[in-house]
Amino acid sequence: MAWQGIVTKYIAALGLLLFSCFISAADITLKITDQHGQPLANSVVELLGQNNQAVAGDLPVLIMDQIDKHFSPTLLVAQQGQQVNFPNSDNIRHHVYSFSKAKPFQLKLYSGQPEQPVEFENDGIVVLGCNIHDSMVGYIYIASSPYTYQSDANGIVRIEQSRLPVKISLWHPLQSLPLEEKALLSITENAVSSLAIVIKTDTPVQRNTFGNKFKAENDQ
């Protein structure tokens with residue numbers, strides 16, 4: 001079957017591959033896998049250049065909980081200007097912090113509810129750590145577009161045909177790219193209905209969250 005109006009891309013420097021499938025007027029389905037063909041849940045696809053009508057004050061407060069010495073969820077997608085609450089559901093105290101450029105902050109040793117949510121004014125990637133438990137790592141993706149999607153357990157994201165043509169960014173917490181970089185891709189209005197995307201990943205390793213910066217103050 002002939003392909004129509006689709007530009008396929010291989011972005012070697014960004015570690016991303018794109019393959020095209022069959023023609024249809026239906027919504028565009030992205031199937032995201034790693035280089036071994038395994039589906040990549042928690043991939044983030046953001047449609048760029050879309051008008052953001054949301055008012056930060058009208059956005060709900062999101063929840064990044066701490067359960068069994070893990071951030072829950074591991075990845076949270078927020079809108080620029082949105083607030084996030086960090087309850088501690090464990091029976092031990094945690095010290096949540098970030099040194100990420102998008103939002104450096106810290107919530108010193110506490111249990112239960114912190115005094116107030118944290119507002120994330122800038123778009124970008126925020127890596128969370130706990131100064132007491134080095135194995136705790138979480139991520140907040142702060143989007144500037146209201147059309148931002150997180151892939152499901154099968155690595156699937158669907159984009160409405162009416163949004164085309166569009167430029168998108170792709171990101172995953174285990175990508176082999178530097179953590180704050182995003183792969184970019186343009187999808188034409190005549191694109192095929194199913195696109196297979198490969199994001200190269202590294203074997204999961206503990207991220208360096210620089211938690212030892214607080215050790216002297218809080219080690220106990």
Decide yes or no for [X] and [Y]: does some side-chain heavy atom of the first lie under 4.5 Å from some side-chain heavy atom of the second?
X	Y	value
Leu30	Val45	yes
Ile187	Ile168	yes
Ser151	Val157	yes
Val137	Phe71	no
Arg93	Ile132	no
Leu128	Met136	no
Val166	Tyr147	no

Any donor-acceptor pair under 3.5 Å linking the side chain of [X] with the backbone of [Y]?
X	Y	result
Gln175	Ser43	no
His70	Asp68	yes
Asp90	Lys69	yes

[X]: what forms a side-chain contact (heavy atoms from CB on, under 4.5 Å) with it, not counting sequence neighbours?
X	answer
Thr74	Tyr139
Asn154	Asp152, Ile156
Gln113	Asn85, Pro87
Pro73	Met64, Leu76

With sequence neighbours left out, write down each residue that passes ring pair (Phe, Tyr, Trp, His ring centres under 6.0 Å) with Phe86, or none if nothing qualifies.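 Applying ring pair (Phe, Tyr, Trp, His ring centres under 6.0 Å) to Phe86 gives Phe105.
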Looking at every heavy atom in both [X] and [Y], which two are closest together, and how far apart are they?
X	Y	answer
Ala41	Ala153	CB-CA, 3.9 Å
Arg163	Ile159	CB-CG2, 4.2 Å
Gln161	Glu189	NE2-O, 3.2 Å

Does one hydrophobic cluster hold both Leu179 and Leu75, with members joined at side-chain heavy-atom distances below 4.5 Å?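 The answer is yes; both residues are in one hydrophobic cluster.
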Can you check side-chain hydrogen bond (donor to acceptor under 3.5 Å, both in side chains) on Glu46 and Ser144, steps first, answer last? CA-CA 8 Å; Glu46 182 173 359; Ser144 59; 3.2 Å; yes
Is the distance from the ring center of Tyr97 to that of Phe99 below 6.0 Å?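 Yes, they do, as the ring centres are separated by less than 6.0 Å.
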Considering the options Thr188, Leu195, Asn190, which one meets the side-chain contact (heavy atoms from CB on, under 4.5 Å) requirement together with Val192?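 Passing option: Leu195.
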Can you list everything that forms a side chain to side chain donor-acceptor pair (under 3.5 Å) with [X]? Sequence neighbours excluded, please.
X	result
Arg158	none
Thr33	none
Asn122	none
Asn88	none

Could you give the distance from CG (Leu40) to CG (Leu174), rounded to the nearest 0.5 Å?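 Reported to 0.5 Å precision, the distance equals 8.0 Å.
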Measuring from Glu115:CD to Leu107:CG, what's the distance to the nearest 0.5 Å?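 One gets 9.5 Å once the value is rounded to the nearest 0.5 Å.
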Can you pull the ring-ring contact (aromatic ring centres under 6.0 Å, His included) pairs that have at least one residue in residues 175-197, sequence neighbours excluded?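 Qualifying pairs, neighbours excluded: none.
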By the ring-ring contact (aromatic ring centres under 6.0 Å, His included) test, which pairs, at least two apart or in different chains, include something from residues 174-199?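 Applying ring-ring contact (aromatic ring centres under 6.0 Å, His included) to every pair that reaches into residues 174-199, excluding sequence neighbours, yields nothing.
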Using the salt bridge (charged side-chain N to carboxylate O under 4.0 Å, His left out) rule, collect all pairs that involve residues 97-106, keeping only residues at least two apart or in two chains.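 Pairs touching residues 97-106 that pass the test: Lys103-Glu121.
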Does a donor on one side chain sit under 3.5 Å from an acceptor on the other, for Ser89 and Asp65?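 A pair is found: one side chain offers a donor N or O, the other an acceptor, under 3.5 Å apart.
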